[in-house]
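This report concerns only the one structure given below.
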Amino acid sequence: MSETTPASGPAEDATEPFRAESAFKYTAALAADIESRWQDVWEKEGTFNAPNPVGALADPAAGDVAAKPHSFIMDMFPYPSGSGLHVGHPLGYIATDVFARYQRMTGHNVLHTLGYDAFGLPAEQHAVATGEHPRVSTEAAMANMRRQLRRLGLGHDSRRSIATIDPDYYRWTQWIFLQIFNSWYDGEAGRARPIAELVAQFEAGSRPAPDGRPWAELTGAEREDVLGEYRLAYSKEVPVNWCPGLGTVLANEEVTADGRSERGNFPVFKSNLRQWMMRITTYSDRLIADLDLLDWPEAIKQQQRNWIGRSEGARVEFAVDGQGAGGRAITVFTTRPDTLFGATYMVLAPEHALVDAIVPAAWPAGTHDDWTGGAATPAEAVAAYRATAAAKSDVERQVDAKVKTGVFTGAYATNPVSGEPVPVFIADYVLMGYGTGAIMAVPAHDHRDFAFARAFDLPMRCVVRPTDGRDQDPHTWDDAFDTYDSVIVNSAHSTDDVATEDRISLDGLSVVEAKQAVTAWLAGRGIGEGTVNYRLRDWLFSRQRYWGEPFPIVYDEDGVMHALPDSMLPVEVPEVEDYSPHTYDPYDSTSSPKTPLSRNEDWVNVELDLGDGVKKYRRETNTMPNWAGSCWYELRYIDPANGEKVVDPANERYWLGATAEKPAGGADLYVGGAEHAVLHLLYARFWHKVLHDLGHVSSVEPFHKLFNQGMITADVYRDERGFPVPAAEVEDDGHGGYTWNGEAVKREAGKMGKSLKNAVAPDEIADQYGADTLRLYEMSMGPLDVSRPWDDRAVVGSYRFLQRLWRNIASESTGELVVTDEPADEATLRALHKAIDGIRGDMAGLRFNTAVAKAIELNNFLVKRGSTPREVAEQIVLLVAPLAPHIAEELWRKLGHAESLAYADYPVADPAYVVDESVTCVVQIKGKVKARLEVSPEITDADLETLALADPAVVAAVGDAAVRKVIVRAPKLVNIVTG
RNA sequence: GCGGCCGUGGCGGAAUCGGCAGACGCCCUGGCUUUAGGUGCCAGUGGGCCUUGUGCCCGUGAGGGUUCGAAUCCCUCCGGCCGCACCA
C-alpha cells in the first residue's frame with residue numbers, strides 16, 4: 001500500500017462505521033488470525049510428535065507405544081524448489097495431512113513428516129551461475145518451503161524432518177552404500193550376503209577362484225578384481241550414457257526414448273567409461289514377484305514389470321566357420337526356440353565383441369552385391385557400417401527404424417538343428433544391450449527379421465503353420481506370421497543326413513511343446529539351455545557432479561580400491577573453488593567427463609590408516625546420483641536422531657514391520673505423482689531388499705500402499721506468436737473469447753508453472769480466504785487421483801461453506817456461541833449420523849471430495865433448520881477437523897474444550913439413525929419410474945409388491961396390460977413388467 | 001506399433017454392489033436485504049414439448065448386445081490421456 005492513498009478512502013470508512021466488517025465474522029483476516037494462533041499452539045505443544053517404541057523419540061508418558069496401532073503416512077520426498085510453491089504442489093501434502101489427522105482421531109499413532117531431497121542439479125546450476133554455495137541456496141529454498149507449508153497447517157512431526165544434504169543424514173547414505181558394496185548376491189540362497197562370507201569360501205577353497213589358483217596366491221588387486229564381479233556395488237568400464245551438455249553420465253532411466261537427457265534435453269551418447277554400478281539385476285525376479293504383495297495402482301505395477309522386462313526363452317549356440325573364428329560359437333537369446341529350423345541368417349549388434357574375430361580377409365565366393373555395402377573386403381564393410389551406425393543419433397535410428405540396414409560380415413555360422421550354413425550380418429536393429437547382442441533371424445515369423453530379409457534378399461522358411469489362410473511360401477507374404485497359437489511344420493531332420501540318435505522332429509507340436517522339446521534337445525548336446533532374460537540393466541550409480549554424496553571409497557598407490565570404515569563417515573562434501581561440471585558442446589561425443597571434486601587436490605589426496613599403518617590414498621571423486629538419498633529416507637523418518645544405527649530394529653518393526661494387512665511390511669500410505677513409477681520406486685525397493693537380506697530391516701518392501709495423486713492443471717493463454725501471457729491478467733471478452741491488454745489471446749489447458757505464466761501461489765489464496773479454505777477447495781475439486789483444472793473463481797464456494805459453518809455455531813456480531821441446548825430432533829440426528837457414516841467411509845477411502853460434499857449437506861441442513869443443537873455442533877466440528885483444522889480447533893475451543901481436538905475421537909455413527917425412518921421406493925414399469933412410495937426400510941418384498949400394485953398411479957399406468965412379472969428389491973425398488 | 005486408463009449439464013465433478021442420472025460446488029437467472037456496489041439470504045438452473053404438473057418425451061462419446069432394469073457388464077468404432085517402443 002502506498003502512502004498517497006486518496007483522502008476519500010479513510011474518510012469514507014470513518015464516517016460509515018456500519019460498513020466495517022464485524023470482527024467476529026469469518027473473514028480472511030479472522031481466518032489468518034485463527035490459523036497463525038493454532039499453528040503456534042501445535043508447534044509449541046508438539047501436537048504432532050509421534051512417539052517411538054524406543055530411543056530418543058520414545059515418550060515415557062505415551063505408555064506402551066509398541067502395542068498401539070500405527071499409521072505411517074508419507075509424501076514423496078520433495079526437492080526444495082527455489083522459486084516457491086504453486087497451488088498444485090501441496091495437493092498431496094494436504095491429502096496426507098487430512099488422512100493423518102483422521103487416523104489420529106481414530107486412535108492411531110501417526111507418523112507423518114516431510115523432509116527434503118536436497119541434493120540436486122538446480123542448486124548446482126545456480127551455484128555455477130552466481131557463485132553462491134549450493135548449500136546456501138538450498139537451505140534458503142527449504143526455509144521458504146517450510147514457511148509456505150506451515151501456513152497450510154500441515155500436522156508434521158518436525159523432529160523427523162530430515163534433509164539429504166545434512167552430513168548426519170548422508171553419513172547413513174554412505175553407510176548403506178558400503179553395506180551394498182560389501183555384499184554379493186548368493187543366487188542359490190536367493191539373497192544378498194556379506195562379501196566376507198564369499199571371501200571365506202574362496203579362502204577355504206570351497207569356491208574356486210576363476211583362474212583356479214589358490215586364493216592366497218592372488219595379489220590384492222587380483223582379489224579385488226574377482227570380488228568386483230560379485231559385489232552388489234561395483235566399479236567397471238561399461239558402455240554408458242554420456243551427456244556432454246550436462247557434463248555427466250546418466251542412468252538408462254534418465255534418458256528419454258529419443259536419446260536425450262530427461263533433465264535439460266541434451267543429446268546423449270554411448271561411451272565406454274569406468275563407472276559405479278549397482279547390481280539391481282540380481283533382484284529382478286524378486287522385484288517382480290513381490291509386487292503381488294503390494295497395494296499399488298495396477299498401472300504402476302505393470303510399468304515396473306515392463307521395465308524389468310522378464311522374458312523366458314533359450315540361449316542357443318551357433319558354431320561359426322571360416323578363418324579366424326577358431327571354433328568359436330555365437331550365442332543368441334531367443335524367446336522362440338521352437339522356430340529354430342526357420343533361422344536362415346544371424347545378426348550381431350555392430351559393437352559385438354565377436355565381430356572382429358569372425359570377419360574373414362575376403363568376401364566368400366558368390367557373395368551377393370547388396371550384402372557388401374560396396375566395400376572391397378568384409379573388414380572395410382564392417383568398419384564403414386560401424387562408423388555410420390555410431391554417427392547416427394538415437395533420433396535418427398528411431399526415424400530409420402522401418403528401413404533395415406546392415407552389412408554381411410563375410411562369415412557363415414551353422415544352424416544347429418538343420419545343419420545349414422547361415423550368413424552372419426551386423427545390423428543396428430540388434431542392440432548390444434539386450435540379450436547377448438546377437439540373434440538368430442527367423443524372417444518368416446518375426447516382423448523385423450522379415451523386413452531385413454526382404455531388404456537383403458535372404459531366404460525364408462515357414463516353420464509355423466499359418467492360421468490366417470495364407471500359404472506356406474513366405475515369398476508370397478506381406479509380413480511375418482508371428483502367432484503362438486499354431487503348430488510347427490517343416491522342422492524335422494531328413495532321415496538321410498543325421499544319425500538316428502541326433503534326429504529331432506518338431507512337426508505337429510504346438511509352439512509351447514516345441515519350445516520344450518527343442519530346448520531339451522539343445523541342452524542334451526551342450527549347445528543351448530532354457531534361460532530367462534531381462535530388459536533391466538544394472539543401475540549406473542555415479543555422476544560427475546559437485547552437489548551430491550561423495551563415495552566412501554579411496555584408492556591406494558597401487559590403484560587398489562578400499563572401502564572406508566564406518567568410523568570415517570561421513571565423507572563430507574568438500575569446498576571447491578568452482579562448482580561447475582566440465583560441460584562440453586552438447587554434440588561433442590568424443591569428450592569425456594571430469595569430476596568437479598577432482599579439482600580439490602587437498603581433499604583428494606589423503607593420508608589414512610586403514611589398518612596397516614598410515615598410507616597415502618586418493619579419494620573417489622565421483623558423486624552419487626540424486627536417487628541415493630531418496631532410496632531409504634523412510635527408514636530415517638522413523639529414527640532420525642539415531643547415531644548408532646541406521647534405524648533401531650524395534651522402531652523399524654513397529655512402523656514398517658509386516659502385518660496381516662501388509663505381508664511385506666512398508667509404510668501404510670505413500671502419496672505422490674505417477675512420474676516416479678519406475679525410477680525412485682524401483683531403486684528404493686532394491687535398497688530396502690538388500691538391507692532386509694543383510695538383517696538391518698525386518699520389512700521386505702518400503703511402501704505398502706501407493707497412491708498417485710493427480711496434477712492440478714491451469715488454463716494457459718497464448719498471444720498471436722504463441723507465447724504465454726500472464727493468466728492472471730487475462731480478461732473474458734464476453735463472447736467466449738479472451739483478451740490480454742486488449743489483444744486477443746487463445747486459451748488452452750496446461751500444467752501449472754512459472755514458464756506458462758499461470759502459477760497461482762498458495763500464499764495468494766491463503767491471503768484472500770485463509771488456509772482452511774484452500775485446503776477444503778483442493779480436497780473438493782475432484783478425486784485425488786485425477787488431474788483437474790484450477791479455477792480461481794470456484795474457491796469462494798469453500799469459503800462460503802466455512803462462513804456458514806461458523807455462523808451456525810458462533811454469532812457474527814458478538815462472537816458468542818449461538819448453539820442451543822435443546823436435544824437434537826430425530827430428523828437432525830438422522831442427517832447427522834448419515835453424514836458421519838458417509839464421511840467416515842470417504843475419509844478411510846481417501847475420497848475427500850465426497851466427504852466435503854457430505855459435510856456441506858449437513859451444514860446446509862443446519863442452516864435451513866435455523867439453529868444448531870450443541871451436540872450436533874460438536875460432532876460437525878469434529879467431522880470437518882481433518883479438512884479444516886484451524887477453524888475446527890477454534891470452534892472446539894469456543895464450545896468449551898480446553899484440549900486440542902487433534903486426538904479427540906472421530907464421530908461414530910449410530911446405526912439406528914443411519915437408516916431413514918422411511919425410504920422412497922421407486923416403482924418402475926418396464927424400467928421407467930412411474931410412482932414413488934414412502935415405505936419403512938424394513939418392509940418385506942411381499943408387502944411392498946402389494947403396496948406398489950395398489951398405488952393409483954401404478955394402476956393407471958399399467959392400464960389393462962397384463963402384468964407378466966414383478967421384480968421387488970425391498971425397500972428401494974419395484975419393477976413391473978407388463979405384457 | 002504394443003500395453004494401460006478414461007469419455008456424464010455451460011464448468012469441476014457425484015452416483016461405493018447392475019436399481020430414482022446429474023449429489024456438492026462454480027457459473028448463470030430472478031427475488032429479498034442494502035442509498036449503491038459487494039457480502040448474505042431465498043428460489044430456479046441437463047435438453048425438448050405442452051395441457052404448467054403428482055405431466056410427457058429425450059438424455060451419461062457413437063453404434064450394437066446381455067438384462068425386468070445399463071453411466072455401470074460384453075462387442076465394434078470414434079476421441080482423449082499415460083507408459084513402452086527394432087527388447088529378439
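FYI, side chains are in, hydrogens and waters are out, and symmetry mates aren't considered; it's all heavy atoms of this structure. Letters A, B, ... are given to chains in the order of the sequence lines, protein chains preceding strands, and every chain is numbered from 1.
Rounding to whole angstrom units, NZ of residue A:Lys404 and P of B:A88 are separated by 14 Å. A straight line from CD1 of A:Ile925 to P of B:G69 spans 14 Å, rounded to a whole angstrom. Between the P atom of B:C41 and the CG atom of A:Asn859 lies a distance of 10 Å, rounded to the nearest Å. Following rounding to the nearest Å, A:Phe333 (CZ) and B:C86 (C1') show an atom-to-atom distance of 16 Å. We find that CG of A:Asp941 is positioned 18 Å from P of B:C68, with the value rounded to whole Å. Taking atom CD1 of residue A:Ile300 and atom P of nucleotide B:C81, one finds them 19 Å apart after rounding to whole Å. The distance between atom CG of A:Leu348 and atom C1' of B:A88, rounded to the nearest whole Å, is 13 Å. The nearest whole Å value for the distance from the CG atom in A:Asp785 to the P atom in B:C5 is 13 Å.
For A:Asp785, the side-chain contact (heavy atoms from CB on, under 4.5 Å) test picks out A:Phe707, A:Pro783, with sequence neighbours left out. Residues passing the salt bridge (charged side-chain N to carboxylate O under 4.0 Å, His left out) test with A:Arg535, sequence neighbours excluded: none. Partners of A:Asp792 by salt bridge (charged side-chain N to carboxylate O under 4.0 Å, His left out), not counting sequence neighbours: none found. Residues that satisfy the side-chain contact (heavy atoms from CB on, under 4.5 Å) test with A:Asp482, not counting sequence neighbours, are A:His447. Looking at residues two or more places apart in sequence or on another chain, you find no salt bridge (charged side-chain N to carboxylate O under 4.0 Å, His left out) involving A:Glu934. Under the rule for a side chain to side chain donor-acceptor pair (under 3.5 Å), the partners of A:Asn808 that lie at least two apart in sequence or sit in another chain are A:Asn859. In this structure, the side-chain contact (heavy atoms from CB on, under 4.5 Å) partners of A:Ala438, at least two apart in sequence or on a different chain, are A:Ile330, A:Val332, A:Leu348, A:His352, A:Thr436. Scanning for salt bridge (charged side-chain N to carboxylate O under 4.0 Å, His left out) contacts around A:Arg386 gives A:Asp356, with sequence neighbours left out. A:Ala953 is linked by a side-chain contact (heavy atoms from CB on, under 4.5 Å) to A:Ala931, A:Asp951, counting only residues two or more places apart in sequence or in another chain.
Between A:Tyr769 and A:Tyr799, the ring planes lie perpendicular to each other; the angle is over 60°, past the 30° to 60° tilted range.
B:C41 and B:C5 have their C1' atoms separated by 44 Å, with the value rounded to a whole Å. As rounded to the nearest Å, B:U29 and B:G37 have P atoms that lie 14 Å from one another. Rounded to whole Å, the P atom of B:A85 lies 30 Å from the corresponding atom of B:C74. Distance noted for atom P between B:G7 and B:C73: 10 Å (whole Å).
Ion pairing between A:Arg315 and A:Glu317 fails under the 4.0 Å rule for side-chain N and carboxylate O. Ion pairing between A:Arg305 and A:Glu298 holds under the 4.0 Å rule for side-chain N and carboxylate O.
With pairs defined as Watson-Crick or G-U wobble and both atom distances under 3.5 Å, the stems of at least three pairs that touch RNA chain B come out as B:1-7 with B:78-84, B:10-12 with B:24-26, B:28-32 with B:40-44, B:46-49 with B:55-58, B:61-65 with B:73-77.
Classified by its glycosidic torsion, B:C17 falls in the syn category, the angle being within 90° of 0. Because its glycosidic torsion is within 90° of 0, B:G9 is reported here as syn.
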_Letter per nucleotide, 5' to 3', of nucleotides 42-48 of chain B [B base touched, S only sugar-phosphate touched, - untouched; heavy atoms, 4.0 Å]_ = SS-----

*How does each nucleotide of nucleotides 13-31 of chain B score, in 5' to 3' order, for protein heavy atoms under 4.0 Å: base (B), sugar-phosphate only (S), or none (-)?*
SS-B--BB--BSSSS----

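Checking A:Tyr534 against A:Ala299, the closest nucleotide of RNA chain B that is more toward the 5' end is the one next to A:Ala299.
Distances shorter than 4.0 Å separate none of the side-chain N or O atoms of A:Arg535 from OP1 or OP2 on B:A88. A sub-4.0 Å separation between OP1 or OP2 of B:G40 and a side-chain N or O of A:Gln803 is present.
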